[in-house]
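For reference, the structure is listed below as structure tokens.
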Amino acid sequence: MGKHSDRPSHTPPLTRRVLGAMGMFGSVEFLTMACGVVRTKLVAIFIGTVGVGLIGLYANAIELLSTLAQLGLRTTAVRDIASANPATRPSIIAIVRRYSRYLALIGVVLAMVLSPLLSYITFGSFSHTPAFIALALAVGANTLVAGRGAELQGEGKLKSLARASLWATLISLILVAPMIVVWGLDSVVPLLLAYGLVSLVAYTVVSRRSEPLPDVDGTELKQRVAAMVKLGAFLTVSGAASWLAGYVVMSAINRLGGSEEMGLYQAGYTLTVRYVGVVFTALSLEYFPRLTAALTSGRSRGEVMLRHETIISVLVIAALASLMVVCSPWIVKLLYSDSFLDVVPMIVVGAPGVVMRAISWAMAYVIVGSGRGRLFMATELVSCVICVAAMVVGYYLGGMAGVGAGFTLWYSFYTLMVWIVTRRSLSVTLGCKVWSVCWGAILSVGALSVMALMLPLWLTVPAGCLLAVGWLLGLKRMLSQRPRCRA
């Protein structure tokens with residue numbers, strides 16, 4: 001393939017590797033969610049609603065503090081490790097380990113200092129301050145886990161990464177189950193600590209090395225850490241803005257429609273964003289380090305990786321979105337109850353946005369992989385403003401269906417914005433062949449959404465199943481094609 005050709009490289013070994021990683025980590029994520037369901041069920045039975053609420057409040061506080069303490073560690077460390085050559089990689093890993101220890105210590109101190117404030121904001125009193133102080137250890141453990149996870153991901157040790165996550169999930173469930181049964185409400189803080197510490201042990205054991213890492217020069221350490229802090233700060237601001245945008249949308253729906261409407265929105269968001277997001281998480285673990293290494297070798301190689309990943313993600317997500325459109329009533333009944341069926345229009349109308357999320361997701365990683373933190377932050381901040389405006393106005397005008405329309409409109413703007421940024425600022429393009437697949441997916445899922453809103457299920461279900469099979473057959477054709485030359 002010529003250097004300026006827009007035909008993606010669909011080499012079967014690479015496609016199988018991507019799909020293998022997606023299957024492996026998708027299975028781990030599914031098992032993690034299943035263990036979470038079991039833990040929640042045990043808490044509900046032996047502790048009650050108070051325990052469920054406490055775990056949710058403490059877990060949210062730990063997540064927020066961990067995000068602030070890590071300062072984008074997972075992304076910046078993966079980028080540096082993946083882009084390093086084999087000779088310098090051990091030194092980079094040594095720097096990442098020291099850097100993660102610094103961040104973990106800062107996170108523990110930050111959590112302890114903020115404990116009285118968190119207790120007062122969360123519960124209206126200082127009585128829970130000791131619990132938040134104890135949970136500071138979980139913040140430190142999560143930060144160290146992020147560093148070890150980045151090390152495994154950056155080196156491409158995906159099986160080891162999956163093994164660490166799997167062992168952490170299973171062992172922590174085995175440990176916390178007796179705590180819940182025996183200690184009752186007093187087990188809430190210990191079980192959250194147990195998960196963080198077990199994860200740290202699992203990742204530490206799996207990432208142990210046969211040879212010691214080299215000593216790091218002080219100047220190199222300062223330079224490398226300074227670069228990671230700079231990029232991490234932009235990523236942290238972007239993440240905080242996304243969290244704030246989601247909070248504003250939930251608050252607006254709660255004020256306009258009440259707690260029941262807010263509950264419907266949460267259910268729809270979980271189905272269209274979080275559950276489908278498992279696929280993106282699984283793909284990113286293999287895609288991001290490979291993309292970073294390719295971009296280090298040159299723009300054209302990064303472009304090939306982008307095109308290949310875009311086609312795979314769009315084919316998989318288009319098949320899932322097609323099934324989601326026609327099966328949403330049954331999915332809602334299975335995971336929730338009949339009282340949540342009013343959220344179905346949000347899922348149906350938002351399905352085309354899910355496809356566009358796959359396209360923009362692949363392109364956004366090019367910005368991060370290129371180290372353009374300020375540019376990435378700018379696009380994310382604009383995206384957050386569009387998200388709030390589109391979804392709040394959509395709900396005001398059309399209820400749950402309006403929220404789905406706002407979601408699709410949001411990702412339409414975001415996809416266009418990221419495409420312009422990657423094309424003009426980074427000179428990376430998808431190419432006509434890839435765009436033809438993308439537009440086919442967007443239009444077909446959009447047409448299916450219209451059918452689902454206007455026609456009975458007995459007509460739309462066969463159409464959705466056939467469409468999903470068609471996209472999966474396209475994926476199968478990628479596996480059977482002969483390797484083509486790289487760009």
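Starting from 1, each residue takes its place in the sequence as its number.
- For CZ of Phe123, the number of neighbouring non-hydrogen atoms (other residues, nucleotides, ligands) closer than 6.0 Å is greater than 12.
- Nearest approach of Ser370 to Leu426, heavy atoms of both residues: OG-CD1, 4.0 Å.
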Under 3.5 Å, side-chain donor or acceptor atoms of residues 435-456 against the rest of the protein: list the pairs with distances, not counting sequence neighbours.
{"residue": "Ser436", "atom": "OG", "partner": "Lys433", "partner atom": "O", "Å": "2.5"}
{"residue": "Ser444", "atom": "OG", "partner": "Gly440", "partner atom": "O", "Å": "2.8"}
{"residue": "Ser444", "atom": "OG", "partner": "Ala441", "partner atom": "O", "Å": "3.1"}
{"residue": "Ser449", "atom": "OG", "partner": "Val348", "partner atom": "O", "Å": "2.9"}
{"residue": "Ser449", "atom": "OG", "partner": "Val445", "partner atom": "O", "Å": "3.0"}

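- Here Phe288 pairs with Tyr365 under the ring-ring contact (aromatic ring centres under 6.0 Å, His included) rule; sequence neighbours left out.
- Here the CG atom belonging to Leu200 is positioned 9.0 Å from the CG atom belonging to Asn142, to the nearest 0.5 angstrom.
- Looking at Thr379, its side chain does come within 3.5 Å of a backbone N or O of Phe376 through a donor-acceptor pair.
- Looking at heavy atoms from C-beta onward, Arg372 lies out of side-chain contact with Val421 at the 4.5 angstrom threshold.
- Atom CG of residue Leu118 and atom CG of residue Leu57 lie 11.0 Å apart, to the nearest 0.5 angstrom.
- Residue Val206 comes nearest to Ser160 through the heavy atom pair CG1-O, 3.2 Å, listed as atom of the first residue, atom of the second, then distance.
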Discussion item. Could you go through Thr460 and Leu457, starting from their C-alpha distance and side-chain angles, then the distance that decides it, and tell me whether this counts as side chain to side chain contact (heavy atoms under 4.5 Å, CB included)?
Written reply: CA-CA 5 Å; Thr460 56; Leu457 278 176; 3.9 Å; yes
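- Just one residue in the list Ile312, Ile311, Ile317 forms a side chain to side chain contact (heavy atoms under 4.5 Å, CB included) with Leu315, and that residue is Ile311.
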Discussion item. Checking Leu264 against Met346 for the side chain to side chain contact (heavy atoms under 4.5 Å, CB included) test, could you report, in this order, the C-alpha distance in whole Å, the side-chain angles of both residues, the deciding distance, and whether it holds?
Written reply: CA-CA 9 Å; Leu264 290 174; Met346 172 184 170; over 6 Å; no
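- Atom-to-atom distance recorded for Thr422:OG1 and Ile420:CD1 is 9.0 Å, nearest 0.5 angstrom.
- When all heavy atoms of Phe407 and Gly353 are compared, the closest pair comes out as CE2-C, 3.7 Å.
- Although no hydrogens or angles enter the test, the distance criterion places a donor-acceptor pair under 3.5 Å between the side chain of Thr408 and the main chain of Val349.
- Checked by atom type and distance alone, the side chain of Ser119 pairs as donor or acceptor with a backbone atom of His128 at under 3.5 Å.
- Of all non-hydrogen atoms in Gly72 and Thr236, the two that sit nearest each other are N-OG1, 3.6 Å.
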Let me check something: any side-chain donor-acceptor pairs from residues 318-335 under 3.5 Å, sequence neighbours excluded? List them with distances.
{"residue": "Ser322", "atom": "OG", "partner": "Ala318", "partner atom": "O", "Å": "2.7"}
{"residue": "Ser328", "atom": "OG", "partner": "Val325", "partner atom": "O", "Å": "3.2"}

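- Remark: side-chain polar atoms of Ser360 are paired, donor with acceptor, to backbone N or O of Arg357 under 3.5 angstrom.
- When atom types are taken as modelled, the side chain of Tyr58 and the backbone of Val189 share no donor-acceptor pair closer than 3.5 angstrom.
- Glu380 meets the salt bridge (charged side-chain N to carboxylate O under 4.0 Å, His left out) test with no other residue; sequence neighbours excluded.
- Looking only at distances, no side-chain donor or acceptor of Thr292 sits under 3.5 Å from a matching main-chain atom of Ala82.
- Between atom OH of residue Tyr411 and atom CE of residue Met417 there is a gap of 10.5 Å, rounded to the nearest 0.5 Å.
- In terms of heavy atoms, Gly268 sits closest to Thr272 at O-OG1, 2.7 Å.
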Discussion item. One pair to check against side chain to side chain contact (heavy atoms under 4.5 Å, CB included): Val249 and Tyr265. What are the steps and the verdict?
Written reply: CA-CA 10 Å; Val249 171; Tyr265 168 76; 3.6 Å; yes
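- Considering CG of Leu235 and OG1 of Thr67, their distance stands at 12.0 Å, rounded to 0.5 Å.
- In this structure, OH in Tyr195 is found 11.5 Å from CD1 in Ile62, a value given to the nearest 0.5 Å.
- Contact check for Met363 versus Thr415: side-chain heavy atoms found under the 4.5 Å cut-off.
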Contacts table for residues 170-186: side-chain donor-acceptor under 3.5 angstrom, sequence neighbours left out:
{"residue": "Ser172", "atom": "OG", "partner": "Ala168", "partner atom": "O", "Å": "2.7"}
{"residue": "Ser172", "atom": "OG", "partner": "Thr169", "partner atom": "O", "Å": "2.9"}

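- Checked against Leu135 for a side chain to side chain contact (heavy atoms under 4.5 Å, CB included), the options Val188, Leu193, Leu65 give a single hit: Leu193.
- The shortest heavy-atom contact between Ala362 and Thr310 is CB-OG1, 3.4 Å.
- Here the side chain of Thr143 pairs a donor or acceptor atom with the backbone of Val139 at under 3.5 angstrom.
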Donor-acceptor pairs under 3.5 Å, side chain of residues 382-401 to any protein atom, not counting sequence neighbours: which ones?
{"residue": "Ser383", "atom": "OG", "partner": "Trp410", "partner atom": "NE1", "Å": "2.9"}
{"residue": "Tyr395", "atom": "OH", "partner": "Glu261", "partner atom": "OE1", "Å": "2.9"}

Discussion item. Working note: Ser412 + Leu416, criterion side chain to side chain contact (heavy atoms under 4.5 Å, CB included); need CA distance, chi angles, decisive distance, verdict.
Written reply: CA-CA 6 Å; Ser412 299; Leu416 176 62; over 6 Å; no
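- For the pair Arg307 (side chain) and Thr429 (backbone), a donor-acceptor distance under 3.5 Å is present.
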